[in-house]
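Beneath this line is the structure, given in structure tokens, with notes to follow.
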Amino acid sequence: MLVDRKMLAGGIALLVSGMALVTILGGMTPAGYVGMTDDEIAQLRTAQQENKDYLNLSGLLIAVGFLLVLISFGARRRGGTKKVEKKAKV
């Protein structure tokens, strides 16, 4: 099977790092409590939005890694083909 190993390794690395980030960020979701002031509520919403944005970026890492893994199975090395000249019949 033709597999570009460098591209496959890069894709797997992106997949693993993206999944690790999703796992870590999923457990670090900021939570509020009863009796928060308006300033604390604003800071909480900002922190929740930042966490959501980081989750989106890690999801993009996973998607790009998955695409690289898929592309690596169809990638072929360049320069491996030889030109064959046919001799003319006289």
Side-chain angles (χ1 to χ4, degrees):
M1 181 183 279
L2 296 174
V3 177
D4 189 358
R5 292 181 183 162
K6 290 180 183 178
M7 196 177 296
L8 180 65
I12 290 173
L14 285 175
L15 273 171
V16 169
S17 63
M19 288 182 188
L21 283 173
V22 166
T23 304
I24 292 168
L25 291 173
M28 291 177 33
T29 304
Y33 54 90
V34 178
M36 292 176 63
T37 64
D38 290 336
D39 291 337
E40 291 173 336
I41 291 172
Q43 289 176 354
L44 174 66
R45 288 186 182 169
T46 303
Q48 287 175 342
Q49 186 62 42
E50 287 177 358
N51 192 6
K52 184 178 176 184
D53 293 341
Y54 286 132
L55 281 170
N56 285 338
L57 287 175
S58 59
L60 285 173
L61 275 178
I62 293 172
V64 170
F66 182 70
L67 285 175
L68 281 176
V69 169
L70 288 179
I71 291 170
S72 71
F73 286 107
R76 296 184 184 190
R77 301 253 178 198
R78 295 184 187 253
T81 59
K82 297 180 181 177
K83 290 185 179 181
V84 178
E85 295 182 20
K86 295 182 180 180
K87 294 182 180 178
K89 292 183 182 179
V90 179

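This one's a predicted model, so the numbers in the text were calculated from it and none came from an experiment.
- Cluster annotation: Leu15 and Leu70 are assigned to the same hydrophobic cluster (Ile/Leu/Val/Met/Phe/Trp/Tyr, side-chain heavy-atom contacts under 4.5 Å, transitive).
- Residues satisfying the side-chain hydrogen bond (donor to acceptor under 3.5 Å, both in side chains) criterion with Glu50, sequence neighbours excluded, are absent altogether.
- Under a hydrophobic-cluster definition in which Ile, Leu, Val, Met, Phe, Trp and Tyr are linked whenever side-chain heavy atoms come within less than 4.5 Å, directly or via other members, Ile62 and Leu8 are assigned to the same cluster.
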Return all side-chain donor-acceptor pairs below 3.5 angstrom for residues 16-36, not counting sequence neighbours, or 'none' if the list is empty.
from  : atom 1 : to    : atom 2 : distance (Å)
Ser17 : OG     : Ala13 : O      : 3.1
Ser17 : OG     : Leu14 : O      : 3.1
Thr23 : OG1    : Met19 : O      : 2.8
Thr29 : OG1    : Gly26 : O      : 3.2
Tyr33 : OH     : Glu40 : OE1    : 3.0
Tyr33 : OH     : Glu40 : OE2    : 3.1

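- Checked by atom type, the side-chain pair Gln49/Asp53 shows a donor-acceptor distance below 3.5 Å.
- Under the 4.5 Å side-chain heavy-atom criterion for ILVMFWY residues, no single connected hydrophobic cluster contains both Leu67 and Leu57.
- In Asn56, the CG atom is crowded: over 12 heavy atoms of neighbouring residues, nucleotides or ligands sit closer than 6.0 Å.
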